[in-house]
Amino acid sequence: MESLAPELIDELNTKKDPDKGLKELEVEEGQKVIMRFAPNPNGPATLGSTRGIVINSEYVKKYGGKFIIRFDDTDPQTKRPMLEAYEWYVDDCKWLGAEPDEVVIASDRMPVYYDYARKLIEMGKAYICFCDGADFKKFKDAKKACPHRDVSPEENMEHWEKMVAGDYEEKSAVLRIKTDITHKDPALRDFGAFRIVKAPHPRPEIADKYCVWPLLDFEGAIEDHELGMTHIIRGKDLMDSEKRQGYIYEYLGWKYPKTTHWGRIKMHEFGKFSTSGLRKAIEEGKYSGWDDPRLPTLQALRRRGILPEAIRKFMIEMGVGETDISISMNTLYAENRKLVDPTANRYFFVWDPVEMEITEAEPCTVNPALHPTEDRGCREIKIKNQVVICKEDAEKLQSGSKIRLKDLYNVEVTSTEPLQAKYLNDSIESVKKDKMRIIHWAPVDGVPVKVLSPDGEFTGVGEKQVTTELDKIVQFERFGFCRIDSVDGQVVAYYTHK
RNA sequence: GCUCCGAUAGUGUAGCACGGCCAAUCAUGCAGGACUCUCACUCCUGCGACUGGGGUUCGAAUCCCCAUCGGAGCACCA
């Protein structure tokens, strides 16, 4: 077939393997793709934010374009930005292999937003509304214009200047964009574009420079155009946003970027969590910090030894469907395990250790392989006539039980309290013949190990040599993969996954 | 209340714009087996789905309508 009709093979391949990763983007001739990830830096990146980073940057990589991170930090109050988070986000992007080509901070660009606000006021497309929230809602629900809708641009401009100058109290005035007050979808009727917030911005260079801040629909609309965005991929909770922003684009004669949406993503393992909720829990000491292994932050996953490639694959596999999904961490772990398994050295770690005395055995040194299939050398463990084994293994033993201590020798239990055994032989054949259980162990004078995992802490004893694996991911046999986080005095490891 | 989305195996996902090639893809999961001095990895085999009801059509996962379920917006949050 290859020689007869090579073109048919191509055809077969394209049909069977329709671009495994992301769907094609609609790109116009000669168009340079520009996409962005636009977080509010009110906390660190979580697994949820990661989708935006990975998918957007992946498309940019695929088509060759520009990836921008834009901080939508125009709410100094309710979702108050966190100063450290700006750096964190950029770091996390880099770590994920999605280094931004450009970093934009909305709070730096207020003059731009003000200019467009004035422009729209002049055009009669925006007005200052003095209704309080409830009153406006009544008008809106009744499809009626509020009394402030029809004042002249000149008068509106005066109000605007006073508003910007700080003459009005918070909540007493808001700039609205005129849409269609009779639109059948109430979500689209005359939406708010700017409101008054007198709390200072956390960024020292901004601080109390402004008291009138744009809302997302306005800020995002302007920026997406100013930055030349060609495509936007974001959550479908922002679908209406596009329709609202459409009015601004129409007034200003702009063309809206092509949009795609994804549904809500929920992880089985993590309940509902909000950035502000987490922040509070951390302050209360319920978590050790943003990188507490129980949290779904990128910092935590990173510390636990989840590799960025695993996260990328995981997100790309998930695609950009509009369906709301609920997915398990196990899928991410499976991805990570495949990457980590060939490189992780193996060690013994005994949790809930129980001492076992072995009679009739000579002190010895054993050299188990660092990896079962890759040729990476050996470890060295010295023992005399005592080892520790896991309590859960010890509990299954009775007098007379024969058991294999992995990579060491076979013993027969002679007493369970205290736990004692006598040396039998070294023969691996007899292990197979007698179907002995093979358990791991550790020297009694090993190094103390503490493992921090999403399900709590494990403490026990490990081989001394683990201390040479700082910052590496190892596999504690019959336990799971862990990243060695620190090695002074005791070894502290973060649990990756089974 | 009004409006807008969505629905394929346990979980994700491909297929749906141009109906037939779908007895429906891939991954993960689960079950069994092989390998193995780890409950890891690898390999083999198997399990498992078009939400329901109408309609259009020679033919529907794919088009239309209704229902059900899930999500979202109507904020001076992003």
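Of the candidate nucleotides B/A14, B/C77, B/G1, B/A14 has the atom nearest to the side chain of A/K23. Comparing atom distances between the A/T78 side chain and each of B/C39, B/C77, B/A72 picks out B/C77 as nearest. Which of B/G12, B/C37, B/U3 sits closest to the side chain of A/I438 comes down to B/C37. The side chain of A/K137 lies closest to B/A75 when the candidates are B/G12, B/A75, B/G73. In the set B/G12, B/C5, B/A78, B/G12 carries the atom at the smallest distance from any side-chain atom of A/I325. Nearest nucleotide to the side chain of A/A187, out of B/C76, B/G12, B/C74: B/C74.
If you measure from atom CD of A/E223 to atom P of B/A78, you get 14 Å, rounded to the nearest angstrom. Following rounding to the nearest Å, A/E219 (CD) and B/C77 (C1') show an atom-to-atom distance of 13 Å. Summarising the geometry, the separation between CD on A/E477 and C1' on B/U38 is reported as 5 Å, rounded to the nearest angstrom. A/I327 has its CD1 atom 14 Å from the P atom of B/A9, to the nearest Å. Going from atom NZ of A/K236 over to atom P of B/G71 covers 10 Å, rounded to whole Å. Separating the CG atom of A/D190 from the P atom of B/A75 is a distance of 12 Å, rounded to the nearest angstrom. Rounded to whole angstrom, the span from the CD atom of A/E374 across to the P atom of B/U42 amounts to 12 Å. Atom-to-atom, CG of A/N42 to C1' of B/C77 comes out at 9 Å; the value is rounded to the nearest Å.
A/F139 is linked by a ring pair (Phe, Tyr, Trp, His ring centres under 6.0 Å) to nothing, counting only residues two or more places apart in sequence or in another chain. Every residue two or more places apart in sequence or in another chain was checked for a side-chain hydrogen bond (donor to acceptor under 3.5 Å, both in side chains) with A/E362, and none qualifies. In this view, A/D167 satisfies the salt bridge (charged side-chain N to carboxylate O under 4.0 Å, His left out) rule with no residue, not counting sequence neighbours. Residues satisfying the side-chain hydrogen bond (donor to acceptor under 3.5 Å, both in side chains) test with A/Y347, not counting sequence neighbours, are A/E469. Residues passing the ring pair (Phe, Tyr, Trp, His ring centres under 6.0 Å) test with A/F67: none are found, sequence neighbours excluded. Every residue two or more places apart in sequence or in another chain that forms a ring pair (Phe, Tyr, Trp, His ring centres under 6.0 Å) with A/H159 is listed here: A/F130. Judged as a salt bridge (charged side-chain N to carboxylate O under 4.0 Å, His left out), and not counting sequence neighbours, A/D237 has no contacts. Every residue meeting the ring pair (Phe, Tyr, Trp, His ring centres under 6.0 Å) condition with A/Y116, not counting sequence neighbours, appears here in chain and number order: A/W254.
Ring geometry for A/H440 versus A/F348: interplanar angle of 30 to 60°, hence tilted. Between A/H183 and A/Y247, the two ring planes are perpendicular [angle over 60°; tilted spans 30° to 60°].
Within 4.0 Å of A/L215, counting heavy atoms only, lie sugar-phosphate atoms of the nucleic acid but no base atom. Nucleic acid contact class of A/D75 (heavy atoms, under 4.0 Å, all strands): sugar-phosphate only. Among the atoms of the strands shown, none is found under 4.0 Å from any heavy atom of A/C129. Among the protein residues, A/T74 comes within range of the sugar-phosphate backbone only, with heavy atoms under 4.0 Å from sugar or phosphate atoms but none that close to a base. Within 4.0 Å (heavy atoms only), A/D407 reaches at least one base atom of the nucleic acid. Contacts of A/D185 with the nucleic acid, taken as non-hydrogen atoms under 4.0 Å apart, include base atoms. Counting any heavy atom pair closer than 4.0 Å across all strands shown, A/Q475 reaches a base atom. Residue contacts for A/L216: at a heavy-atom cut-off of 4.0 Å it reaches a base atom on one of the strands shown. Among the atoms of the strands shown, only primed sugar atoms or phosphate atoms (P, OP1, OP2) are found under 4.0 Å from some heavy atom of A/S326. At the heavy-atom level, A/F481 lies under 4.0 Å from the strands shown only through sugar-phosphate atoms. Within the 4.0 angstrom heavy-atom criterion, only backbone atoms of the sugar-phosphate kind lie near A/R244; the bases stay farther away. At a threshold of 4.0 angstrom between heavy atoms, the contacts of A/R264 are confined to the sugar-phosphate backbone, with no base atom among them. Across all strands shown, A/R176 has heavy atoms under 4.0 Å from sugar-phosphate atoms exclusively, and none from any base.
Nucleotides B/G71 and B/U62 are separated by 24 Å at their P atoms, to the nearest Å. Nucleotides B/U51 and B/G6 are separated by 12 Å at their C1' atoms, to the nearest Å. To the nearest whole angstrom, the two C1' atoms, one in B/G15 and one in B/C50, are 11 Å apart. B/G48 and B/U11: their P atoms are spaced 16 Å apart (whole Å). Separating the P atom of B/G55 from that of B/A60 is a span of 12 Å, rounded to the nearest Å. The gap from the C1' atom of B/G20 to that of B/G73 amounts to 40 Å, rounded to the nearest Å. B/U25 sits 35 Å from B/U38 when the P atoms are compared, rounded to a whole Å.
Less than 4.0 Å separates RNA chain B from at least one heavy atom of each of the following residues of residues 337-345 of chain A: A/R337, A/K338, A/D341.
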Output a table of nitrogen or oxygen pairs between the protein and nucleotides 30-36 of chain B separated by less than 3.5 Å.
none

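Counting distance only, with no hydrogens placed and no angle test, the side-chain atoms of A/K79 and the base atoms of B/C77 include a donor-acceptor pair under 3.5 Å.
For A/R118 and A/Y113, the positive end is not near the middle of the six-membered ring at less than 6.0 Å and at most 45° from its axis. Cation-pi geometry between A/R304 and A/F481 is not satisfied (NZ or CZ under 6.0 Å from the ring centre, within 45° of the ring normal).
For A/K266 and B/G71, the shortest distance from a side-chain N or O to OP1 or OP2 is not below 4.0 Å. Dashed line: the shortest gap from a side-chain N or O of A/R195 to OP1 or OP2 of B/A78 is under 4.0 Å. Between A/K243 and the phosphate of B/U3, there is no side-chain N or O to OP1/OP2 separation shorter than 4.0 Å.
The closest donor-acceptor contact from the side chain of A/R176 to the backbone of A/F194 lies at 3.5 Å or more, if one exists at all. Not one N or O on the side chain of A/H231 forms a donor-acceptor pair closer than 3.5 Å with the backbone of A/R36.
For the salt bridge (Lys or Arg N to Asp or Glu O under 4.0 Å) criterion with A/D190, the lone passing option out of A/R149, A/K140, A/K178 is A/R149.
Applying the 90° criterion around 0 to the glycosidic angle, B/A72 comes out anti.
Helical stems in RNA chain B, defined as runs of 3 or more consecutive Watson-Crick or G-U wobble pairs with donor-acceptor distances under 3.5 Å: B:1-7 with B:68-74, B:10-12 with B:26-28, B:29-34 with B:42-47, B:51-55 with B:63-67.
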Show me the donor-acceptor pairs within less than 3.5 Å that the side chains of residues 260-268 of chain A make with the rest of the protein, sequence neighbours left out.
from   : atom 1 : to     : atom 2 : distance (Å)
A/H268 : ND1    : A/S326 : OG     : 3.1

